[in-house]
Each structure stands twice: as structure tokens, then as C-alpha cells.
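For reference, the structure is listed below as C-alpha cells.
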Amino acid sequence: MTVERALARIDVGAIERNCAQLRSLLTGNAELCAVVKADGYGHGAVWAARAALAGGASWLGVATAAEAEDLRRHGLPGPILVMGALTPEEMRTALEADADVVAWKQEFVRLLAERAPPGTRAPRVHVKLDTGMGRLGTSDPAEARAVAAAAASDERLVLAGLMTHFATADEPEDEHFPYQLERFSRFAAEMRESYPGLRVHAANSAAAYRDSAAHFDMVRCGIAIYGLDPFHEDPAPRGLEPALSLCSYVASVKRFEAGESAGYGRTWRAAEPTLVGALPIGYGDGWRRGLSNASDVLVQGRRHPLVGTISMDNVTVDLGADSEVEPGEPAVLIGRQDDERILCEEIARRLATINYEITCGLSPRVRRVYDR
Ligand SMILES: Cc1ncc(COP(=O)(O)O)c(C=O)c1O
């Protein structure tokens, strides 16, 4: 088996199956928008998008105009929704990429009509009501109504959708999610009376699992399509398959006597004689320094503690006194070896963060390879 210093293996078949699984949950005619922003949460946007479409997603969601442009450059077909805020320049890029855009101000709608690049289709607008995320969108239903009316009454534009975004869908017992859902449902019902063709969408992955009343005409799922758990638990019981594994290898093995230390600052010393392996992966690859002395690595199908401070390009692992590991042995930082596995959710917990940040944080220096 060939090894490599820092390699992310992406199982595109898993993304495809996760999308098919999500689609099977959806009620009515709700469609699946696969969210592939931030380079597909670190998995590679173009590969993830292709796999998602093969798995039954019919829309792609991104945060920025440049992300939409990149998908088109790679030949991705079908509707793309740019969900983020856009400067006038970015708006132009989004429209040139034939993407739908989000609006919550009349001024923005006016600019869309005036600045649509010649030769492109009429800009398609999704009005965003902020029902309690406190971020983008208008919190004022009257303003949302006015923005929708401005788009609908301008023959240069198409009023395409109505959306909101949930703040706490991943916190099952909270009361804010039902509050947001109720607020949005009422507003959507009212708007549908005036605009029957409106595409209504609200749910992220957690909301899609949590309440089918949030499915409306489309769900926008990111984390779950990558097989990561929206509720920060084990994704397996939900039928999700993690698509990404992070691999390295043991580049050197050294015997340590009791008291000898590994790494900067000497934060770990051998309590007794042992063998310490060095893996050529570090925080320059996104394996965060906060994991120093606080995570495990799989070698020969067994967990071994990561010891000493993580450097930019190397980490050290206590292989144990009777280890027979030789240089060149494969190592897994996220993923499975034999019956052992390290979930992204475990790494996130150790860093007091969420699985999203772990895969998004893998740097460009980590080569991505795609398997089926
Ligand atoms: C507006 C919007 N919709 C949908 C999503 C997808 O969320 P998730 O990855 O939790 O499914 C995101 C991601 O943060 C988002 O910003």
C-alpha cells in the first residue's frame, strides 16, 4: 500500500448514498438542495456536487458567487442558489453563473434589475425572512413582502423563492426552532396565496431530520450529505456514511527512555521506555494544535495516543513499548482501520467545536483523492 504524508480520501459513493437517503426522508414533492459551499465542507465542491446530483439532489447551494462560478466552470448543470450576501460585483458574477440569488432589501432588487449582465437569463430572487437566526434576511415581514412585490412586479426579474434559516435545529429540546418554524410557516402560507409558484425552503440537515413540517418545497442539506452527523453524534444510526478519511503514515520510529520528551515545549515525556512514531502531518494541514496530547491515531488497527505538541508539519504518537510498527506503516486520523474508527465528531468534541469545522479546516496542502 502506498502511503502519503497527508491525504484525504473522499468516498463519492458515500455522498451519493447519503443524498439518496436524505431524499427518501422528504415529504411531498420536496427537493434536495445539496450545500457544497466552502469547497464542499472541505471534501471538494465539484466532486461533491456531481455525487449529490447522482444521488438525487436537484439543486446546489453555495455561499459565494465565486463558488457558483467555479461549479459552472466545471460543467455542473441545473439550478444553483447563492445563499450569501453579495456586493454589486459579486452579484454580477452570480448572475453570469446563472445562479439564483437571495434578497432582503428593495435596493438590492433594484440593482439586480438594473445591472443584470446582458445576454443572461432574468435574475431569480429568493426573499429571505429572518425568523430568528439574527443574521442575513429581514426580520420584518412587511419588508419581506415589499421585496417580494418589487421582484414580482419587475418584468426584468423573477420572484423564485422564499426562505429562512434555523438557528437551533440541532438542539432537539429547544423552543426556538418551533418558534421559527411557526413564524415562517404562517408567513409562507400567506405569501403562497399571492405567489402560488413560490419555492419555499427553510431546513438545513438537522431540521430536515427533526421535523418534516420544515421540508416545504426544498431542504438545503450540507453536513448530512457528507455523512457527518447534524446532531454531533454517531452518524451511523441515521444511515449516514462519513465520506472523508484522513490518512498519513509513520515516517520514523524511535525508542524513548523514561523522561525523554517529544515536540515543542516538551509537553509530554515518556513515563517509561516506549516507541514513539512521527507522522508528517500537522497544523499546517489543519490538524489543529488543540489536539496536542488530546486525540488518538489508528495504526495497525489500534488506537494510539497523540503525544507532545502538534507542530506545523509533524505529530508524534506513542506506539507503546512492544510495538512492531515500522516506518512506512499507514496511519488514520479520521476514519476506519479494521474494527476501530475515529469519527470526525470525536475530533470535534475534543476541540470543543463542531464536525463542520474539522473538515472545512483541512488545508489545501492535504491532497484529496476520490474513490467510489
Ligand atoms: C443558509 C444555509 N442553508 C443551509 C445550510 C446547510 O446547513 P447544514 O450543513 O447544517 O445542513 C447552511 C450552512 O450553514 C446555510 O448557511
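Each ligand, and each atom within it, is numbered from 1 in the order the structure gives. The structure presented is a predicted model; accordingly, all values stated were derived computationally and were not measured.
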Heavy-atom pairs closer than 4.0 Å: do any link ligand 1 to the side chain of R220, the backbone, both, or neither? both
Counting non-hydrogen protein atoms only, what is the nearest one to [atom]? Give residue, atom name and distance.
| atom | value |
| --- | --- |
| atom 7 (O) of ligand 1 | N204 CB, 3.4 Å |
| atom 10 (O) of ligand 1 | Y356 OH, 2.6 Å |
| atom 11 (O) of ligand 1 | S205 OG, 2.5 Å |
| atom 13 (C) of ligand 1 | K37 NZ, 2.9 Å |

Decide, yes or no, whether a salt bridge links E346 with R341 under the criterion of side-chain N to carboxylate O below 4.0 Å. no
A quick test of your reading: do over 12 heavy atoms of other residues, nucleotides or ligands sit less than 6.0 Å from CZ of R289?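 For R289, atom CZ is not crowded (no more than 12 foreign heavy atoms under 6.0 Å).
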Flag yes if more than 12 heavy atoms outside R238 fall under 6.0 Å of its CZ atom; otherwise flag no. yes
Can you confirm whether the side chains of R266 and S261 place a donor and an acceptor under 3.5 Å from each other? yes
Could you label the plane-to-plane angle of the Y370 and W47 rings as parallel, tilted or perpendicular, counting under 30° as parallel and over 60° as perpendicular? parallel
Tell me, do D296 and E340 make a side-chain contact under 4.5 Å, heavy atoms counted? no
Report yes if G222 has an N/O atom closer than 3.5 Å to an N/O atom of ligand 1; otherwise report no. yes
Are any of the N/O atoms on V35, whether in the backbone or the side chain, positioned under 3.5 angstrom from an N/O atom of ligand 1? no
I need the atoms of ligand 1 closer than 4.0 Å to a non-hydrogen atom of Y41, numbered in the order shown.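 Going through ligand 1 atom by atom, the ones under 4.0 Å from Y41 are 6 (C), 7 (O), 8 (P), 9 (O), 13 (C).
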Below 4.0 angstrom from a heavy atom of C221, which ligand 1 atoms are there? Numbered from 1 as shown, please.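 Ligand 1 atoms under the 4.0 Å threshold to C221: 11 (O).
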On a heavy-atom basis, the closest approach of P280 and A251 is CD-CB, 3.8 Å
Hey, looking at atom 2 (C) of ligand 1, which of R135, K128, H165 has the closest heavy atom? H165
